[in-house]
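Working notes for the structure below.
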Amino acid sequence: DVQPVESGGGSVQAGGSLTLSCADSGLPAGLYCMGWFRQAPGKSREGVASIESDGGVKYADSVKGRFTISQDSTKKMVYPQMNSLSPEDTAIYYCAASSKYGNCREVRTYDYWGQGTQVTVS
């Protein structure tokens, strides 16, 4: 099935870094939003960072200054660089994309979702 595919998750000590990637090569062109979300056990899914169709990037307050997200020239690969990780960042991280206009920071905007990649910080 056509969906984003995440990779790069794993276990890291507090203060460490990870770089994730999302492959969207199988998705249609002209997507409106590309985003990353995370969900910790017992918590709702929350936005981490997003890229709008015009290239604008927004970050959740909890990750500002620590996470950066970039997109390749084809807009089919997304790379979140996560620095200064803490146990509070432990979650399953999901790559997502939207095919229509909406708020790129909201879960309900997205209609394409990856299966997630686990990030564990200890």
Side-chain angles (χ1 to χ4, degrees):
D1 293 335
V2 177
Q3 65 180 95
V5 179
E6 306 95 338
S7 63
S11 298
V12 64
Q13 294 183 359
S17 300
L18 284 174
T19 299
L20 307 181
S21 65
C22 175
D24 298 314
S25 60
L27 300 180
L31 296 170
Y32 182 76
C33 308
M34 299 295 297
W36 279 87
F37 296 79
R38 66 186 183 185
Q39 187 166 18
K43 296 184 178 180
S44 61
R45 190 167 299 185
E46 64 177 358
V48 175
S50 61
I51 303 175
E52 299 181 355
S53 60
D54 64 357
V57 180
K58 294 185 177 180
Y59 298 92
D61 289 342
S62 60
V63 306
K64 285 181 179 178
R66 300 189 298 119
F67 291 12
T68 58
I69 186 169
S70 61
Q71 191 174 43
D72 76 349
S73 61
T74 69
K75 299 185 179 181
K76 296 297 184 181
M77 296 291 293
V78 184
Y79 305 92
Q81 173 66 49
M82 309 189 299
N83 302 314
S84 301
L85 289 165
S86 70
E88 289 70 30
D89 296 312
T90 295
I92 300 175
Y93 284 72
Y94 297 90
C95 180
S98 64
S99 61
K100 60 183 180 180
Y101 175 85
N103 187 330
C104 294
R105 303 183 69 183
E106 296 182 356
V107 169
R108 62 182 178 180
T109 298
Y110 293 83
D111 49 359
Y112 296 102
W113 290 90
Q115 293 298 306
T117 185
Q118 178 71 48
V119 172
T120 302
V121 185
S122 61

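Residues take their numbers from the sequence shown, with the count starting at 1.
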| said: Do Phe37 and Ile69 land in one hydrophobic cluster if side-chain heavy atoms of ILVMFWY residues count as linked below 4.5 Å? | reply: no
| query | Atom CD1 in Ile51, atom OH in Tyr32: separation rounded to 0.5 Å? | reply | 13.0 Å
| Got a second to check how far Leu31's CG is from Tyr112's OH, nearest 0.5 Å? | 6.5 Å
| task | Using modelled atom types only, decide if a donor and an acceptor are shared between the side chain of Ser86 and the backbone of Ala14 within a distance under 3.5 Å. | result | no
| query | Among all residues two or more places apart in sequence or in another chain, which pass the ring pair (Phe, Tyr, Trp, His ring centres under 6.0 Å) test with Tyr79? | reply | none
| Heavy-atom check, side chain of Met82 versus side chain of Val48, under 4.5 Å | no
| task | Could you state whether Val57 and Leu20 fall into the same hydrophobic cluster, counting links through intermediate Ile, Leu, Val, Met, Phe, Trp or Tyr residues with side-chain heavy atoms under 4.5 angstrom apart? | result | yes
| field | Heavy-atom check, side chain of Phe67 versus side chain of Leu85, under 4.5 Å | value | yes
| message | If you define the side chain from C-beta out and look only at heavy atoms, does anything of Val107 sit under 4.5 Å from Trp113? | response | yes
| note | Rounded to the nearest 0.5 Å, the OG atom of Ser98 sits from the CZ atom of Arg108 at a distance of 13.5 Å
| said: Can you tell me how far apart OG (Ser50) and CE (Met34) are? Round to the nearest 0.5 Å. | reply: 11.0 Å
| field | Close side-chain approach of Val119 and Asp89, heavy atoms under 4.5 Å | value | no
| remark: Value for CG (Asn103) from CD (Glu52), rounded to nearest 0.5 Å, stands at 8.0 Å
| Considering all heavy atoms of both residues, which atom of Cys22 and which atom of Pro4 are nearest to each other, and what is their separation? | SG-CB, 3.6 Å
| said: So which atom in Cys33 and which in Thr109 form the shortest heavy-atom distance, rounded to 0.1 Å? | reply: SG-CG2, 4.2 Å
| said: Using the ring centroid of each side chain, check whether Tyr110 and Tyr94 are separated by less than 6.0 Å. | reply: no
| request: Report the distance from atom CD1 of Ile92 to atom CD of Glu6, rounding to the nearest 0.5 Å. | output: 10.0 Å
| field | Validation row: Ser7, Thr117 side chains within 4.5 angstrom (heavy atoms) | value | no
| task | Quick one: which residue pairs count as a salt bridge (charged side-chain N to carboxylate O under 4.0 Å, His left out) with a foot in residues 39-49, not counting sequence neighbours? | result | Arg38-Glu46
